[in-house]
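Let me begin by handing over the structure; questions about it come next.
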Amino acid sequence: QVQLVESGGGLVQAGGSLRLSCTASGRSFSHYVMGWFRQAPGKEREFVATISWGGGSTYYADSVKGRFTISRDNAKNTVYLQMNTLKPDDTAVYFCAADYSGPQLTDSAAEYDYWGQGTQVTVSS
């Protein structure tokens, strides 16, 4: 079993930045592909970014490419999402997720085995 805890959400003005963190406990963190997803009110959960076991490969949704950066520190069992140039459309609850079946990167929520409880990000215009 893996427990994921997100932090770093909050309220920010458009154009600002936030860094989300997700710390894992339980089974070997370095064996998980990690991903970030988000869900806005009234919308389905959508893929944001994913990162490989060692951090050498990443993949982003087109909507965040060039603005968001996913990274991980396996020594700290933590994955990060640096979010720059935030827009009101980025407002959502952000979830981190772990995929134990890797190593392929995936943007499908159904492929992820464990989820955090989410952290709210609100971007004001």
Side-chain angles (χ1 to χ4, degrees):
Q1 191 70 11
V2 173
Q3 292 79 40
L4 303 173
V5 179
E6 301 99 333
S7 61
L11 173 64
V12 64
Q13 288 188 331
S17 299
L18 282 175
R19 188 176 82 154
L20 305 183
S21 300
C22 171
T23 301
S25 60
R27 301 173 69 179
S28 180
F29 178 76
S30 62
H31 292 169
Y32 287 90
V33 168
M34 297 299 297
W36 285 97
F37 290 77
R38 66 187 182 186
Q39 188 167 18
K43 296 186 177 181
E44 294 186 354
R45 190 169 299 190
E46 66 172 355
F47 166 77
V48 175
T50 184
I51 188 167
S52 60
W53 291 349
S57 296
T58 57
Y59 177 66
Y60 297 90
D62 288 342
S63 59
V64 307
K65 199 173 297 182
R67 300 188 298 123
F68 291 10
T69 302
I70 188 171
S71 61
R72 67 191 295 164
D73 185 339
N74 287 344
K76 296 182 178 180
N77 284 6
T78 300
V79 62
Y80 304 97
L81 185 68
Q82 177 67 44
M83 305 185 295
N84 298 329
T85 319
L86 283 160
K87 305 175 182 179
D89 284 350
D90 295 317
T91 295
V93 177
Y94 283 71
F95 300 88
C96 72
D99 172 17
Y100 192 64
S101 63
Q104 295 82 4
L105 301 184
T106 178
D107 60 3
S108 171
E111 297 296 321
Y112 287 81
D113 303 290
Y114 303 102
W115 293 82
Q117 83 289 349
T119 186
Q120 176 70 47
V121 171
T122 303
V123 184
S124 63
S125 57

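Scope of the values below: all heavy atoms of this structure, side chains included, with no hydrogens, waters or symmetry mates.
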Quiz item: At what distance, to the nearest 0.5 angstrom, does OG of S71 lie from CD of Q82?
Solution: 8.0 Å
Quiz item: So do T50 and D107 actually touch side chain to side chain, heavy atoms under 4.5 Å?
Solution: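 A side-chain contact is absent here, since even the closest heavy-atom pair is not under 4.5 Å.
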Quiz item: Got a sec, which residues hit salt bridge (Lys or Arg N to Asp or Glu O under 4.0 Å) with D99, two or more places apart in sequence or on another chain?
Solution: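 With neighbours one apart ignored, the set is empty.
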Quiz prompt | Charged N-O contact under 4.0 Å between D90 and K87 | solution =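 No, this pair does not count.
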Quiz prompt | Those residues that, when tested against W53, pass ring-ring contact (aromatic ring centres under 6.0 Å, His included) (two or more places apart) | solution =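 For W53 there are no ring-ring contact (aromatic ring centres under 6.0 Å, His included) partners, ignoring immediate neighbours.
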Quiz item: Is it true that the side chains of Q104 and T106 contain a donor and an acceptor less than 3.5 Å apart?
Solution: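 Absent: no donor and acceptor within the cut-off.
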Quiz prompt | Qualifying disulfide (SG to SG under 2.5 Å) pairs with a residue from residues 38-91, counting only residues at least two apart or across chains | solution =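 Matches after skipping sequence neighbours: none remain.
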Quiz item: Out of curiosity, N84 CG to R19 CZ, how far, rounded to the nearest 0.5 Å?
Solution: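 That separation rounds to 11.5 Å.
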Quiz item: Can you tell me how far CG of D62 sits from CZ of F47, rounded to the nearest 0.5 angstrom?
Solution: 10.0 Å
Quiz item: Mind checking what makes ring-ring contact (aromatic ring centres under 6.0 Å, His included) contact with F95, not counting sequence neighbours?
Solution: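 With sequence neighbours excluded, F95 shows a ring-ring contact (aromatic ring centres under 6.0 Å, His included) to no residue whatsoever.
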Quiz item: Who pairs with K43 by salt bridge (Lys or Arg N to Asp or Glu O under 4.0 Å), at least two apart in sequence or on another chain?
Solution: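 Salt bridge (Lys or Arg N to Asp or Glu O under 4.0 Å) list for K43, sorted by chain: empty.
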Practice problem: Drop me the distance from C96's SG to Y80's OH, to the nearest 0.5 angstrom. | Solution: 12.0 Å
Quiz item: Between atom CD of Q39 and atom CD of Q120, what is the distance when rounded to the nearest 0.5 Å?
Solution: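 It comes to 11.0 Å.
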Self-check item: Minimum heavy-atom distance S125-P88, with the two atoms named
Solution: CB-CG, 3.9 Å
Quiz item: Is a side-chain N or O of R72 found less than 3.5 angstrom from the main chain of S52, in a donor-acceptor match?
Solution: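 Judged by distance alone, yes, a pair lies under 3.5 Å.
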Exercise. Under 4.5 Å between side-chain heavy atoms, chaining through other members, with only Ile, Leu, Val, Met, Phe, Trp and Tyr counted: pull out the rest of the cluster around L4, sorted by chain and number.
Key: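 So far as hydrophobic clustering goes, L4 is joined with V2, V12, L18, L20, F29, Y32, M34, W36, V48, I51, Y60, V64, F68, I70, V79, L81, M83, L86, Y94, Y100, Y114, V121, V123.
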Practice problem: Keeping the roles fixed (side chain from E6, backbone from Q117), state whether a donor-acceptor pair exists under 3.5 Å. | Solution: yes
Exercise. Decide whether N77 and T23 meet the rule of one side-chain donor and one side-chain acceptor closer than 3.5 Å.
Key: no
Quiz prompt | Min side-chain heavy-atom separation S21-K76 under 4.5 Å | solution = no
